[in-house]
Amino acid sequence: MIDLNGIEIIAIGGSAGGIKAITEVLKPLPKDFPIPIVIVLHRLKNVPSTLQNVVQYHTRLKVKEADEKETIRPNCAYIAPANYHLLIEKDRTLALDYSEKVKYSRPSIDLTLECVANVYGDKAVGILLTGANTDGAAGLLAMKNAGANCFAQDPKSAEVSTMPQSALDIGATDKVIALNRIGFLLKQSALELN
């Protein structure tokens, strides 16, 4: 079970294989899922993106690319735009940043998860999915140290195990969950909030 009692945001990161993984996570969620979701996927920077449309096709949640100064709202999944870091301000608005790459990536999963740790503390859930580098592990650890509930996709169910395994290696996770169980557990946990 993923305890969502008191949770105000869910942050999910992934890289290689991440599009397929995130659609599987979001697919079971109802359109009135009460907790906003922030998603950071490594993606090509100079290619017109259809990521929002691809993800939207697989979920009833509203999916959108994050906009500068946008207020974070429930029933919505926000995707970091290509080639921008996605930050979260203290007033719980989104900010886009074009500073240096982190671990060869922009958007950086670490930066977003560190923002979530700083702004939401123990009122957050962090999930790290499949990926080919270590981006996200340090951010997930920051969330865990702030009291958040942190999970990694079971490396055995990952298309590329490096990213979730790196989180496990540094003790950044409370539990590993097979990919095909994450969305189901989020849905079941949300039902218990009512």
Side-chain angles (χ1 to χ4, degrees), residues 1-14 18 21-41 55-56 58-64 66 70-80 86-95 109-130 136-155 157-158 163-164 167-168 170-194:
M1 187 62 78
I2 298 173
D3 186 4
L4 297 181
N5 195 30
I7 297 301
E8 297 177 3
I9 195 166
I10 297 170
I12 305 175
I22 197 64
T23 58
E24 187 156 347
V25 169
L26 297 182
K27 189 177 256 181
L29 302 183
K31 69 178 181 178
D32 60 349
F33 187 75
I35 302 165
I37 300 172
V38 174
I39 300 164
V40 182
L41 295 174
V55 176
Q56 184 65 74
H58 293 279
T59 183
R60 288 166 285 183
L61 281 175
K62 179 180 180 185
V63 177
K64 69 180 306 295
E70 182 172 9
T71 300
I72 298 170
R73 303 193 185 285
N75 316 122
C76 193
Y78 300 91
I79 300 174
L86 180 60
L87 310 179
I88 299 172
E89 306 287 353
K90 290 284 185 192
D91 65 358
R92 298 178 183 203
T93 59
L94 300 170
I109 301 167
D110 277 337
L111 285 183
T112 301
L113 298 187
E114 287 164 7
C115 287
V116 171
N118 291 333
V119 173
Y120 290 90
D122 64 356
K123 294 179 172 25
V125 167
I127 302 170
L128 201 55
L129 301 174
T130 178
L140 199 66
L141 184 59
M143 286 184 66
K144 186 175 180 190
N145 289 340
N149 297 321
C150 296
F151 305 93
Q153 177 182 349
D154 186 338
S157 71
M163 191 172 281
L168 289 170
I170 64 169
T173 61
D174 296 304
K175 184 190 279 187
V176 296
I177 306 173
L179 178 61
N180 65 357
R181 298 281 299 157
I182 297 172
F184 172 77
L185 291 173
L186 289 171
K187 177 183 176 183
Q188 290 302 111
S189 299
L191 289 174
E192 295 192 2
L193 297 177
N194 299 329

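Note that CD1 of Ile7 and CG of Leu193 are 9.5 Å apart. Values are rounded to the nearest 0.5 Å. For the atom pair CD (Gln188) and CZ (Arg181), the distance works out to 8.5 Å, reported to the nearest 0.5 Å. Here the CE atom belonging to Met143 is positioned 12.5 Å from the OG1 atom belonging to Thr173, to the nearest 0.5 angstrom. To the nearest 0.5 angstrom, Leu168 atom CG is 13.5 Å from Lys175 atom NZ. Distance check, rounded to the nearest 0.5 Å: CG of Leu141 to CD1 of Ile170 gives 4.5 Å. Separating the CD1 atom in Ile10 from the CZ atom in Phe151 is a distance of 9.5 Å, to the nearest 0.5 Å.
Taking 4.5 Å as the limit, every side-chain heavy atom of Asp154 sits out of range of all side-chain heavy atoms of Leu179. For the pair Ile127/Leu186, a side-chain contact is recorded, criterion being any heavy-atom separation below 4.5 Å from C-beta on. Side-chain atoms of Leu29 and Ile37, non-hydrogen and from C-beta on, do get closer than 4.5 Å to each other.
Side-chain atoms of Ser189 come within 3.5 Å of backbone N or O of Ile2 as a donor-acceptor pair. Between the side chain of Glu70 and the backbone N or O of Ala95 there is no donor-acceptor pair closer than 3.5 Å. Thr23 contributes no side-chain N or O that, together with a main-chain N or O of His58, makes up a donor-acceptor pair within less than 3.5 Å. Side-chain atoms of Tyr78 come within 3.5 Å of backbone atoms of Arg73 as a donor-acceptor pair (strictly under, hydrogens ignored). Although no hydrogens or angles enter the test, the distance criterion places a donor-acceptor pair under 3.5 Å between the side chain of Asp174 and the main chain of Cys150. With hydrogens and angles disregarded, no donor-acceptor distance shorter than 3.5 Å links the side chain of Asp122 to the backbone of Ala148.
Nearest heavy-atom pair across Pro34 and Pro74 is O-CB, 3.1 Å. Closest approach of Gly14 to Leu129, counting heavy atoms only: CA-CB, 4.3 Å. Between Ala137 and Leu128 the shortest heavy-atom distance is N-CD2, 3.8 Å. Between Leu113 and Ala11, the shortest heavy-atom contact is CD2-CB, 3.5 Å. Nearest heavy-atom pair across Ala77 and Leu61 is CB-CD1, 4.5 Å. Across every non-hydrogen atom of Gly136 and Asp110, the tightest pair is N-OD1, 2.8 Å.
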Just list the side-chain donor-acceptor pairs under 3.5 Å for residues 86-94, sequence neighbours left out, or say none.
unit_1 : atom_1 : unit_2 : atom_2 : d
Lys90  : NZ     : Asn118 : O      : 3.1
Asp91  : OD1    : Thr93  : N      : 3.2
Asp91  : OD1    : Thr93  : OG1    : 2.6
Arg92  : NH1    : Glu8   : OE1    : 2.2
Arg92  : NH2    : Glu8   : OE1    : 3.4

**Request:** Take Thr59 and Phe33 through the side chain to side chain contact (heavy atoms under 4.5 Å, CB included) test and state the conclusion after the steps.
**Result:** CA-CA 11 Å; Thr59 183; Phe33 187 75; over 6 Å; no

**Asked** How far apart are the C-alpha atoms of Val116 and Val38, what are their side-chain angles, what is the distance that settles it, and do they pass the side chain to side chain contact (heavy atoms under 4.5 Å, CB included) test?
**Response** CA-CA 9 Å; Val116 171; Val38 174; 5.6 Å; no

**Request:** Apply side chain to side chain contact (heavy atoms under 4.5 Å, CB included) to Ile79 and Ile22, showing your working.
**Result:** CA-CA 11 Å; Ile79 300 174; Ile22 197 64; over 6 Å; no

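For NZ of Lys62, the number of neighbouring non-hydrogen atoms (other residues, nucleotides, ligands) closer than 6.0 Å is 12 at most.
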